[in-house]
Protein chains: 2
Amino acid sequence: MNEFDECPTEGALGLLTLLIKTGRLAESRLDEALASENLTFVKWRTLEALVKANSPVCLGELAKSINCVKSNVTQLADKLQAEGIVKRVADPNDRRSILIELTGQGSRVHQAGLKAMETTTRKLFSSSTEPDRIALRDLLGKLDGR
Amino acid sequence: MNEFDECPTEGALGLLTLLIKTGRLAESRLDEALASENLTFVKWRTLEALVKANSPVCLGELAKSINCVKSNVTQLADKLQAEGIVKRVADPNDRRSILIELTGQGSRVHQAGLKAMETTTRKLFSSSTEPDRIALRDLLGKLDGR
DNA sequence: TCGAATTCGTTCATGTTTGAATAATACAAA
DNA sequence: TTTGTATTATTCAAACATGAACGAATTCGA
């Protein structure tokens with residue numbers, strides 16, 4: 001008999017709350033770090049997806065990459081395009097589809113963003129050892145299934 | 001020499017990304033579970049703060065409890081009040097302050113919300129053992145300092 | 001006691017995220 | 001081909017969140 005047996009959801013829900021809170025905190029710290037580049041973490045993740053793909057990506061794919069709905073990516077793309085770090089190009093294979101392509105400026109901003117997050121990342125993990133990080137990754141991995 | 005030594009920010013940033021992603025996932029699952037009660041996780045946490053305090057709480061305190069700015073709580077309180085699950089009462093000790101009080105309906109909704117989240121919570125942790133949850137709580141606790 | 005600084009809640013403008021509805025295109029089956 | 005079903009990106013309304021500016025009330029120091 002222990003805390004979890006007595007009150008299984010209470011402790012687990014508290015943990016979930018801590019997880020959500022910590023995630024939000026981490027994101028806001030990264031947002032702060034990226035503000036100097038006029039980026040947010042979501043914007044940066046979009047650029048990261050394009051860099052990793054190493055070729056233009058359609059909006060639907062991008063939505064999957066950054067875990068959000070398509071309408072969100074449309075707005076995101078509007079902004080990134082207005083800032084000149086991304087541009088829309090036609091998809092030669094499907095006229096419904098629109099591909100997003102990183103501009104040269106986009107590549108530079110992506111790199112600068114990565115650099116800007118370094119200090120914050122180190123600071124956030126300053127009380128954690130490497131085994132801690134490995135364990136955390138493992139434990140988080142057990143949570144994301146439907 | 002290992003992955004983290006070679007590329008300290010890369011692995012750590014990936015972990016941070018996983019953390020943020022998992023936190024968002026958890027919140028959206030809880031939101032889904034609470035939708036039947038016309039609640040969201042943020043709304044529920046507000047009710048939870050009131051229940052725990054066991055007495056009316058001013059808006060500023062509430063903002064601290066749920067980690068957001070005051071203006072957000074104002075809007076939140078407007079909605080909760082319109083739904084009849086909280087009400088604003090004057091603070092006898094400070095005429096600037098406005099206290100938020102849970103209604104009887106509010107207590108019922110809070111309870112129903114807790115119940116609604118049980119299944120989701122169990123499902124999210126279905127691949128985790130109790131030691132896993134304890135370890136996770138510990139590891140997350142190492143991250144939230146400024 | 002008087003005045004300055006602080007704290008309280010609210011309003012407003014702005015930005016993010018979602019989901020429903022829509023038009024255009026693609027595709028599969030008859 | 002034609003018909004019906006999928007999928008594409010977009011628009012729109014709504015919920016959520018932030019920060020600046022504001023009026024009202026409190027508090028602290030001279």
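Note on naming: letters A, B, ... go to the chains in the order of the sequence lines (proteins, then strands), and numbering restarts at 1 for each one. For the numbers below, each heavy atom of this structure counts, side chains included, while hydrogens, waters and symmetry mates do not.
Between the CG atom of B:Leu25 and the P atom of C:dT18 there is a distance of 12 Å, given to the nearest Å. At whole-Å resolution of the value, CZ in B:Arg45 and P in D:dA15 are 21 Å apart. Between A:Leu80 atom CG and C:dG15 atom P there is a gap of 14 Å when expressed in whole angstrom units. One atom, CD of B:Glu32, and another, P of C:dT17, lie 18 Å apart when rounded to the nearest Å. Separating the CD1 atom of B:Ile100 from the P atom of C:dT10 is a distance of 7 Å, rounded to the nearest angstrom. Put simply, CG on B:Leu34 is 16 Å from P on D:dA15, counting in whole angstrom units. The CG atom of A:Asp91 sits 14 Å away from the C1' atom of C:dA24 (whole-angstrom rounding). D:dA17 atom C1' lies 15 Å from atom NZ of B:Lys43, rounded to whole Å.
Figure legend. D:dA6 is base-paired to no nucleotide; pairs are counted as Watson-Crick or G-U wobble with both atom distances under 3.5 Å. Nucleotide C:dC8: paired with D:dG23 (Watson-Crick or G-U wobble, both distances less than 3.5 Å).
Linking Ile, Leu, Val, Met, Phe, Trp and Tyr whenever their side-chain heavy atoms come within less than 4.5 Å leaves A:Ile98 and A:Leu50 in two separate clusters. When hydrophobic clusters are built by joining Ile, Leu, Val, Met, Phe, Trp and Tyr residues whose side-chain heavy atoms come closer than 4.5 Å, directly or via intermediates, B:Val51 is grouped together with B:Val109.
Under 4.0 Å is where a charged nitrogen must lie from a carboxylate oxygen, and between B:Glu37 and B:Lys115 no such pair does. Residues B:Lys43 and B:Glu83 are paired through a salt bridge, judged by an N-O separation under 4.0 Å between the basic side chain and the carboxylate.
Each of B:Leu99 and A:Val69 lies near DNA chain C, and the nucleotide nearest B:Leu99 is the one positioned closer to the 5' end.
Side-chain atoms of B:Ser28 come within 3.5 Å of backbone N or O of B:Leu25 as a donor-acceptor pair. For B:Asp31 (side chain) and B:Phe41 (main-chain N/O), a donor-acceptor pair under 3.5 Å exists by modelled atom type. Judged purely by atom type and a 3.5 angstrom limit, B:Arg137 uses its side chain to pair as donor or acceptor with the backbone of A:Gly11. With A:Thr103 contributing its side chain and A:Gly84 its backbone, the two residues share a donor-acceptor pair below 3.5 Å.
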*Determine, step by step, whether A:Arg24 and B:Glu27 satisfy the salt bridge (Lys or Arg N to Asp or Glu O under 4.0 Å) criterion, reporting the C-alpha distance in whole Å, the side-chain angles of both residues, the deciding distance to 0.1 Å, and the verdict.*
CA-CA 10 Å; A:Arg24 284 191 182 215; B:Glu27 184 163 4; 2.7 Å; yes
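D:dA6 adopts a syn glycosidic conformation, its chi angle falling within 90° of 0.
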Table of protein N/O atoms under 3.5 Å from nucleotides 22-27 of chain D N/O atoms:
| unit_1 | atom_1 | unit_2 | atom_2 | d |
| --- | --- | --- | --- | --- |
| D:dT26 | OP1 | B:Arg95 | N | 3.1 |

Can you name the atoms? Protein N/O to nucleotides 10-12 of chain D N/O, anything below 3.5 Å, with the distance.
| unit_1 | atom_1 | unit_2 | atom_2 | d |
| --- | --- | --- | --- | --- |
| D:dT10 | OP1 | A:Arg88 | NH1 | 2.4 |
| D:dT10 | OP2 | A:Thr74 | OG1 | 3.0 |
| D:dT10 | OP2 | A:Arg88 | NH1 | 3.1 |

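The listed nucleotides are D:dT8, D:dG19, D:dC16; the one nearest the side chain of B:Lys79 is D:dC16.
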